[in-house]
Structures are given as structure tokens and as C-alpha cells.
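One structure is given below, encoded as C-alpha cells.
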Amino acid sequence: MTSDPTTGTPESPIEHAFAGGEAQRVGWFRFYFADERWEWSPQVQRMHGYEPGTVEPTTELVLSHKHPEDYGQVAATLLEIRRTSGAFSTRHRIIDTAGDVHDVVVVGDQLFDDAGSIIGTHGFYVDVSPSITQAREEAVTEAVAEIAEARGVIEQAKGMLMLIYRINADAAFELLKWRSQETNTKLRLLAEQLAADFLALDYSETLPSRAILDRLLLTAHQRVSPDV
């Protein structure tokens with residue numbers, strides 16, 4: 001068994017194994033039954049929003065950071081640990097000092113003194129919340145998908161305008177953009193409505209009269225549903 005260089009307290013295999021974990025993502029804890037004393041590693045302190053060494057965790061503080069919907073579950077787990085002195089595992093949410101929610105997995109095992117008596121529980125926290133990088137990547141992916149979808153419907157409407165008015169792609173886009181600006185309607189929504197209007201026309205081999213098509217173009221914004 002190694003020792004924690006900062007406190008001199010014997011370091012368990014659990015704590016030693018996770019000592020090299022990703023900063024703020026994995027950290028250890030100890031809870032002593034006799035005096036309800038807690039110890040948090042620097043990583044666990046940061047998970048809760050504290051700079052290392054600025055807080056002395058207590059049971060009250062530990063519970064105060066639990067998400068309201070998970071508070072009862074965690075409080076019941078603590079009672080069970082005190083009663084049975086057994087191992088446990090839980091997944092719940094904590095709220096840090098900045099108000100951000102973290103999804104954490106907490107695993108604990110029996111903590112023994114030198115004489116072999118159970119004096120508490122110890123284990124580790126793992127913050128399994130999506131990382132900032134992952135969240136940014138997902139946001140970018142969603143934005144790219146939205147842009148691709150918008151581009152697809154705009155291209156569809158452009159093609160229809162090119163056919164109806166016998167104009168090139170640039171002129172068709174300028175026409176769409178002009179109607180969007182004139183009517184203060186999002187370009188994608190206007191293109192969707194125009195495409196739907198043109199596809200809903202009842203005709204066989206010959207296009208409807210230009211007057212009908214012009215009217216659809218000039219009034220499409222009136223049929224656009226709110227972008228929700």
C-alpha cells in the first residue's frame with residue numbers, strides 16, 4: 001500500500017489506480033464513519049466547483065450538491081452504507097458551484113484501519129458527462145446537418161424557379177433571396193413553402209399558367225408556418 005504524498009495517509013489500490021486519471025474526470029474520496037469526516041481528491045473538489053484545498057467536505061455539503069431529483073437516492077445509499085458498511089455503486093447527478101450539472105458514477109468499498117476493522121468507505125468518482133470537446137463537436141455536427149438540409153431544399157426550389165422562369169441558378173437564387181428579404185422570411189422556410197406549393201399543383205404534361213406560378217411565388221411567405 002502506497003501513501004498519499006500530500007497527507008501521508010495510506011493510499012489504497014483504488015486511489016492509486018485512479019491517481020493518473022484525466023484531470024477533473026476521475027478522483028477518489030474517503031468517508032470515515034466515526035466522525036462523519038470526508039476527504040476529496042483535488043479532482044473531486046474540482047468536479048464540485050471548488051479549487052483544491054479551499055473546502056472541507058461534510059455530509060451536509062456532499063448532499064447539498066446532489067441534483068434534487070437524485071437527492072433521495074443518494075441519501076438512502078448513505079444510510080445503507082452506514083448500516084451495513086458494505087460496498088456500493090451509484091450513478092447520479094451533482095450540481096457544481098457554478099450551477100452546471102455533472103453526471104457521475106460513484107463506486108465505494110470498505111475502508112479498513114491497520115487492525116483490519118472497518119472504519120469507513122472509500123472509492124472514486126467518475127464524471128461521465130459529455131466533455132466540452134464532445135459537446136462542441138456534436139453542436140458542429142448538428143449545425144452542419146442543418147446547413148446541408150437547408151441547402152438541399154433551397155436547391156430544390158431554385159431548380160423549380162429555373163424551370164418555370166427559364167433562368168440560371170444564380171438568378172434563381174437571387175430571386176429567392178429577394179423574396180426572403182422583402183417578406184422578412186427565412187430563406188430555408190420560404191424555399192420549403194415554394195417547393196411544397198409547386199409540387200401540390202395539379203397538372204399533367206403542361207405547366208400551369210405563369211399567373212398561377214407568379215402568385216405562388218409572391219404569396220409563399222403568407223403560408224409559411226413559424227419556425228419552431
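Every value quoted in this text rests on a predicted model; they were computed, and no experiment measured them. Residues take their numbers from the sequence shown, with the count starting at 1. The figures here come from the full heavy-atom set of this structure, side chains too, leaving out hydrogens, waters and symmetry mates.
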Flag side-chain contact, heavy atom, 4.5 Å: [X] against [Y]:
X      : Y      : result
Tyr125 : Val26  : no
Thr183 : Val224 : no
Arg91  : Val104 : no
Phe33  : Ile118 : yes
Leu216 : Leu201 : yes
Val44  : Trp28  : no
Phe31  : Val62  : no
Pro57  : Glu39  : no

Under 4.5 Å between side-chain heavy atoms, hopping through other hydrophobics if needed: is there a path connecting [X] to [Y]?
X      : Y      : value
Leu217 : Ile212 : yes
Leu79  : Val107 : no
Trp178 : Val153 : yes
Ile94  : Val55  : yes
Val106 : Val74  : yes

Is it true that [Y] and [X] share a donor-acceptor pair across their side chains at a distance under 3.5 Å?
X      : Y      : result
His122 : Asp109 : no
Thr58  : Trp38  : no
Ser85  : Gln110 : no
Asp113 : Tyr32  : no
His65  : Tyr50  : yes

Original post:
Can you say whether the rings of Phe29 and Phe88 are parallel (under 30°), tilted (30 to 60°) or perpendicular (over 60°)?
Top reply: tilted
**OP:** Kindly assign one of parallel, tilted or perpendicular to the pair His48 and Trp40, based on the angle between their ring planes and the thresholds 30° and 60°.
**Re:** parallel
Say you draw a straight line from [atom1] of [X] to [atom2] of [Y]; how long is it, rounded to the nearest 0.5 Å?
X      : Y      : atom1 : atom2 : result
Thr185 : Arg179 : OG1   : CZ    : 8.0 Å
Leu111 : Ile119 : CG    : CD1   : 4.5 Å
Gln193 : Gln222 : CD    : CD    : 10.5 Å
Leu163 : Leu161 : CG    : CG    : 9.5 Å
Lys158 : Leu194 : NZ    : CG    : 14.0 Å
Glu51  : Arg46  : CD    : CZ    : 6.0 Å

Original post:
Counting distance only, does the side-chain N/O of Ser41 pair as donor-acceptor with the main-chain N or O of Gly27 below 3.5 Å?
Top reply: no
Original post:
Are there more than 12 heavy atoms of other residues, nucleotides or ligands under 6.0 Å from atom CG of Asp35?
Top reply: yes
**OP:** For the pair His92 and His67, evaluate side-chain contact (heavy atoms from CB on, under 4.5 Å) and give the outcome as yes or no after the intermediate values.
**Re:** CA-CA 8 Å; His92 60 272; His67 191 283; over 6 Å; no
**OP:** Please report the closest heavy-atom contact between Asp103 and Ser129, naming both atoms and the distance.
**Re:** N-OG, 2.6 Å
Would [X] and [Y] pass as an ion pair if we require N to O under 4.0 Å?
X      : Y      : answer
Arg188 : Glu192 : yes
Glu174 : Lys177 : yes
Arg82  : Glu80  : no
Arg93  : Asp70  : yes

Subject >> side-chain contact (heavy atoms from CB on, under 4.5 Å) between Leu78 and Leu63, intermediate numbers included >> reply: CA-CA 10 Å; Leu78 275 176; Leu63 289 175; 3.9 Å; yes
Original post:
Would His102 and Asp96 satisfy side-chain contact (heavy atoms from CB on, under 4.5 Å), going step by step from the backbone distance to the final call?
Top reply: CA-CA 8 Å; His102 301 254; Asp96 66 22; 2.8 Å; yes
**OP:** Going by the side-chain contact (heavy atoms from CB on, under 4.5 Å) test, name the single residue among Leu189, Ile154, Leu187, Leu175 that passes it with Ser180.
**Re:** Leu187
